[in-house]
2 protein chains.
Amino acid sequence: MYRTHTCGELRMTDVDKTVKLSGWVQTTRDFGAMTFLDLRDRYGITQLVFSMEENAELCEQARKLGREYVIEIEGKVRERSNKNLNRDTGEIEIVAQSMKVLNASKVPPFTIEDETDGGDDLRMKYRYLDLRRSPVQNNLIFRSKLALEVRKFLSNQNFIEVETPFLIKSTPEGARDFVVPSRMNPGQFYALPQSPQTFKQILMVAGFDRYFQIVKCFRDEDLRADRQPEFTQIDCEMAFVTREDILNTFEALTRHLFLHTLGLELGDFPRMSYDDALRLYGSDKPDLRFGMPFADLTDLTKGRGFVVFDSAETVIGINAKGQADYTRKQVDELTEWVKRPQIGAKGLIYVRYNADGTLKSSVDKFFTEDQLRDWAQHLEAEPGDLMLIMAGEEEKTRKQLGELRLEMGRRLGLMKPGDFKPLWVLDFPLLEWDEDTERFYAMHHPFTSPKPDDVVKMASDDRNVLKGLRADAYDLVLNGVEIGGGSIRIYDRDLQMKNFSLLGFSTEEAEAQFGFLLGAFEFGAPPHGGIAFGFDRLCSVMNGQNSIRDFIAFPKNNQGRDMMIDAPSGIADVQLKELSLATTVKVTKGTEEI
Amino acid sequence: MYRTHTCGELRMTDVDKTVKLSGWVQTTRDFGAMTFLDLRDRYGITQLVFSMEENAELCEQARKLGREYVIEIEGKVRERSNKNLNRDTGEIEIVAQSMKVLNASKVPPFTIEDETDGGDDLRMKYRYLDLRRSPVQNNLIFRSKLALEVRKFLSNQNFIEVETPFLIKSTPEGARDFVVPSRMNPGQFYALPQSPQTFKQILMVAGFDRYFQIVKCFRDEDLRADRQPEFTQIDCEMAFVTREDILNTFEALTRHLFLHTLGLELGDFPRMSYDDALRLYGSDKPDLRFGMPFADLTDLTKGRGFVVFDSAETVIGINAKGQADYTRKQVDELTEWVKRPQIGAKGLIYVRYNADGTLKSSVDKFFTEDQLRDWAQHLEAEPGDLMLIMAGEEEKTRKQLGELRLEMGRRLGLMKPGDFKPLWVLDFPLLEWDEDTERFYAMHHPFTSPKPDDVVKMASDDRNVLKGLRADAYDLVLNGVEIGGGSIRIYDRDLQMKNFSLLGFSTEEAEAQFGFLLGAFEFGAPPHGGIAFGFDRLCSVMNGQNSIRDFIAFPKNNQGRDMMIDAPSGIADVQLKELSLATTVKVTKGTEEI
């Protein structure tokens, strides 16, 4: 037996017990004839004491231990004279009686403490050392707990977790697939699933009624800062449901998760249409931890000779409450901020509503104070407020002002950690027109149902009518992050074929790629719908963090490489030959230097 | 809203309620002016009643419905005059008031009932219809429940579920990998994991202490009847543990699973060495639902002029209790059975211990009745028993007699459904010598620790000493099926390198393939060990079934094909080009006819 207790377990009630602990040497400190050693494991840190006077040999041995050595220690629990109340075990210490070194350690390449000095690359290469740090370990413990709570809740609601296959079929629709060559079917490939979408629909046709799965998905896309080639979804589907049933079920799930992991009761789950979200916040995932909605000033600002407004498709503003004392310098800084290439605005107009009721703006030349007061009324601004106004092409300007709104939220401390504001965004467009390829793409995916009233309009030839089609789709947004999205699905073969045809599929292509689903719709498919949550993202948002990487045990870097195991790598010629494959580039076989 | 209740929910207490149900038409029967319709969903079947007298139009409509149509019905619950007590809802029926056809159905290609007339291929192609059948649906519901219980138990024991990556590195050791070409790293490949073995060990080095995961694994092996290219493991690892800790923890898990899914209390978990298992049952996974152990008769049978025994390395027998009345014909049948190519025995000797105390055998020419009585003593046979004896090369003969023992168990009804007999098999050999390739292979895997006493013997040059090395490995066997296996791991870099070298790895090869693990062992690796359960297999054994396929929602056939979605398939040239790959065979692009 390596231990009677963990390093986080002993308390005052254990005083005088003889115990055995195992763990890692966090630190040693010599203090006169005494040596104190902090022994660490996942559960906590316990202080060990050695004494040159009582057992010189043992104490000498302890003084030679390096950081991260693994030791087993036997000793007696005693009350500490100098208690550390920040630590659960801080009232006691162990007087060491014997010790065994279970394993030595080289000096770690970075410090294994909450704040480390290791850079990203080093920490990914030595991931097993980075994972020893409490913040990273706690992230993964949270993730495990969250997954368990998802399963408990959904199982209680009669959902069945069904594993869908990983070796499926490649389809050109959507993102790029990772493919897997088949040795037994030479020249043919499996694909790794981008999501279990069609399988979960098949399960509804099969009568499973309520399905879920916490499942890995794969997308071979160019990696941005916080995107991983493999990621995890909470994937759900229900039969015989309306949108209302789904929103209620997954609002309840979200409430359960917050309550049972963070101990938080969430407030309302308001609902907003996609159109309103864009109109009021310039985003389909508005952060509702603060207000600051847009007001449309287009009509108020036209024809006064200010060419920026006169030539603009739209003029919109926000009201930064109580910020009238923003200095000219601060406003200039904001103007520079919106002009950065990431935002790309041409400029920023301000109107300061002074405490004394006067108004001062950067466009005083063109507008009277009464006119500015009109704007203020639209923006619900009062004395003491600062109005910020942007103008230009509608879609772009909304997006830019949306970014400015978020920046103001950040600067004014309105995005409070620990504050969680959920929002359902509803009624997304069914189709998105792509100018480059001159075709429609599905905004959600090709299996999303149009809203019932819009079904007849699908027969239209008018591109603008088609652009106006609304889908029975919904996103769950939390603090400005989309944590889940889904839709009511098409379950009628003819309607599905119509949708494929709007997306540019020929009948043959639709049959070749999705024939099994179209076929299934002919044998009694029930109405159904579902949702998928980004599990990595949900973990990070619930912890007020931005990076999903810190919630993944073994993430890949931006080149899709696992720096620790050094993958991907070349494979043996015999493997390629068995797969009836040849590479068209020269590559070093074996591993590659990182 | 599509329903107020499910089809399994209504009882006598609901009589007179107006309800709405949705589901599939199982059957319709006309009975005079009445029509009875069985409406089915996952939760049960409810009888609907239509009447030509009360509502001719609705009744006509119901009479036109085909099997598997999806309908929504509103009506009033009433007590049935002719109750069906085999059905939870059998005391009531719904008098239909209105009906909506939600979807039509073509005539299914096979009957959707507990016993179906569909062949394997048809059922796999129309998997969504096969999945509607109760037995298949119940299997998957059981699987979901079992997974949840695994997670609840292990989480309560402080295990953390950690997701390990699917895109890892190919290693030539073990079974053949499925590989995934990397677009971003041209000419390089990921591999899909055969198990998360090295990652779970890394997690132990990282201090996670107790890890588990229910996880898909992949092996590109030629498929036998009941092997799938993707399968699921319950994968577990613990730090600072001895074998005893692990056996106790997973005995408790197994007990929990039986109790909380089947309501069964398991009996003892006896332990047996690998050597004893082979010596007594001719198998490293003996079925202990019945006894019938081997007795060694080699010494008793030599030198009597019977050449079969005299030339045999071993002579062993079993005692079929109370089977002395087996007829000559039945014994001949058994002899034919062991001579089949699958078993490959040369013959079978019998000794009948008659009820009157006389003995009769097929070798009376060579042995006296007293000698036969000696055999009987060794086999603990009494009057009324039948002894069955085989002779030949030791390893082969044990295996053949083991098969005969199982066959006798089947014929005598000793493998009772609902009877579960677990067994830990311990102390497996560390290495297996392969005559063809003239090298050692790891019997478990290269990370398995030798038993402490055998570590020094690893330095030996003597092949027989090396063959005799014992590993700290264990299998959990249930009713003759290996449901789990694991080992205490090596955690010392030098010992790991020594083991690699016995397995024929050069230092460079070991570094190239497992450098990250060897490196991790230098930074304070704790002692650790673990186990993995075959989850698909566990599901089937717990349900007394042989095929794992019936516990997998979307299994592949023996050619590794998914018959429903028609995968694998050809992929587009542009996809191959992006991956810097070319196929070396001609293949039809698009889908292939099944």
Side-chain angles (χ1 to χ4, degrees), chain A residues 2-3 22 24 42 68 70 103 105-106 128 131-132 141 144 148 155 160-162 165-166 168-170 178 180 182-190 202 205-207 209 216 220 230 240 512 516 520 522-526 553-554 560 564-565 567-569 571 580 582-585 587 590-591, chain B residues 2-3 22 24 42 68 70 103 105-106 128 131-132 141 144 148 155 160-162 165-166 168-170 178 180 182-190 202 205-207 209 216 220 230 240 512 516 520 522-526 553-554 560 564-565 567-569 571 580 582-585 587 590-591:
Chain A
Y2 288 99
R3 60 188 176 195
S22 286
W24 285 264
R42 180 186 125 197
E68 302 306 317
V70 185
N103 221 335
S105 176
K106 296 205 289 195
Y128 43 88
L131 286 172
R132 280 187 197 161
I141 292 171
S144 177
L148 186 66
S155 298
I160 302 170
E161 185 161 23
V162 180
F166 281 85
I168 65 166
K169 183 168 161 170
S170 188
F178 280 105
V180 181
S182 166
R183 181 179 54 87
M184 294 178 77
N185 302 274
Q188 300 194 355
F189 293 77
Y190 302 100
I202 286 286
V205 177
D209 206 74
K216 273 280 175 76
D220 184 13
E230 44 178 311
F240 299 116
F516 64 98
E522 295 182 313
F523 287 98
F554 301 100
M564 183 183 76
I565 65 171
S569 63
I571 58 173
S580 310
T583 56
T584 58
V585 287
V587 64
T591 56
Chain B
Y2 288 98
R3 60 187 175 195
S22 285
W24 286 264
R42 178 186 125 197
E68 301 307 317
V70 186
N103 221 336
S105 176
K106 297 204 289 195
Y128 44 88
L131 286 172
R132 279 188 196 162
I141 292 172
S144 177
L148 185 66
S155 298
I160 302 170
E161 185 161 24
V162 180
F166 281 85
I168 65 165
K169 183 168 161 169
S170 186
F178 280 106
V180 182
S182 166
R183 182 180 54 86
M184 295 178 75
N185 302 274
Q188 300 194 355
F189 292 77
Y190 302 99
I202 286 286
V205 177
D209 207 74
K216 273 281 175 77
D220 184 13
E230 43 178 311
F240 300 116
F516 64 99
E522 295 182 314
F523 287 98
F554 300 100
M564 182 183 77
I565 64 171
S569 63
I571 58 173
S580 309
T583 56
T584 58
V585 286
V587 65
T591 55

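The structure presented is a predicted model; accordingly, all values stated were derived computationally and were not measured. Within every chain, numbering begins at 1; the chains are lettered A, B, ... in the order of the sequence lines, protein sequences first and strands thereafter.
A heavy-atom distance below 4.5 Å is found between the side chains of B:Met564 and A:Phe516.
Residues that satisfy the side-chain contact (heavy atoms from CB on, under 4.5 Å) test with A:Ser144, not counting sequence neighbours, are B:Ile160, B:Glu161. Every residue meeting the side-chain contact (heavy atoms from CB on, under 4.5 Å) condition with B:Ala520, not counting sequence neighbours, appears here in chain and number order: A:Tyr128, B:Ile202, B:Val205.
Closest non-hydrogen pair, A:Arg132 versus B:Gly524, comes out as NH2-O, 3.0 Å. Nearest heavy atoms, B:Pro568 versus A:Gln188: O-OE1, 2.8 Å.
For the atom pair CD1 (A:Ile565) and OH (B:Tyr190), the distance works out to 9.5 Å, reported to the nearest 0.5 Å. The line from CG of B:Asp220 to CE of A:Met184 is 8.0 Å long, rounded to the nearest 0.5 Å. Interatomic distance, A:Ser569 OG to B:Asn185 CG, rounded to the nearest 0.5 Å: 10.0 Å.
Residue B:Leu148 touches chain A through its side chain alone, counting heavy-atom pairs closer than 4.5 Å. Proximity to chain B (any heavy atom under 4.5 Å) is restricted, for A:Lys216, to the side chain, taken from C-beta onward. Contact annotation for A:Ser580: both backbone and side-chain heavy atoms come within less than 4.5 Å of a heavy atom of chain B. Both the backbone and the side chain of A:Val180 come within contact range of chain B, judged by heavy atoms closer than 4.5 Å. A:Ser22 touches chain B through backbone and side chain together, each having a heavy atom under 4.5 Å away.
Chosen from B:Ala525, B:Ala206, B:Gly207, the residue pairing most often with chain A at heavy-atom distances under 4.5 Å is B:Ala206. With respect to chain A, the highest number of heavy-atom pairs below 4.5 Å among B:Pro526, B:Ala553, B:Ser155 belongs to B:Pro526.
B:Arg3 contributes no side-chain N or O that, together with a main-chain N or O of A:Phe240, makes up a donor-acceptor pair within less than 3.5 Å.
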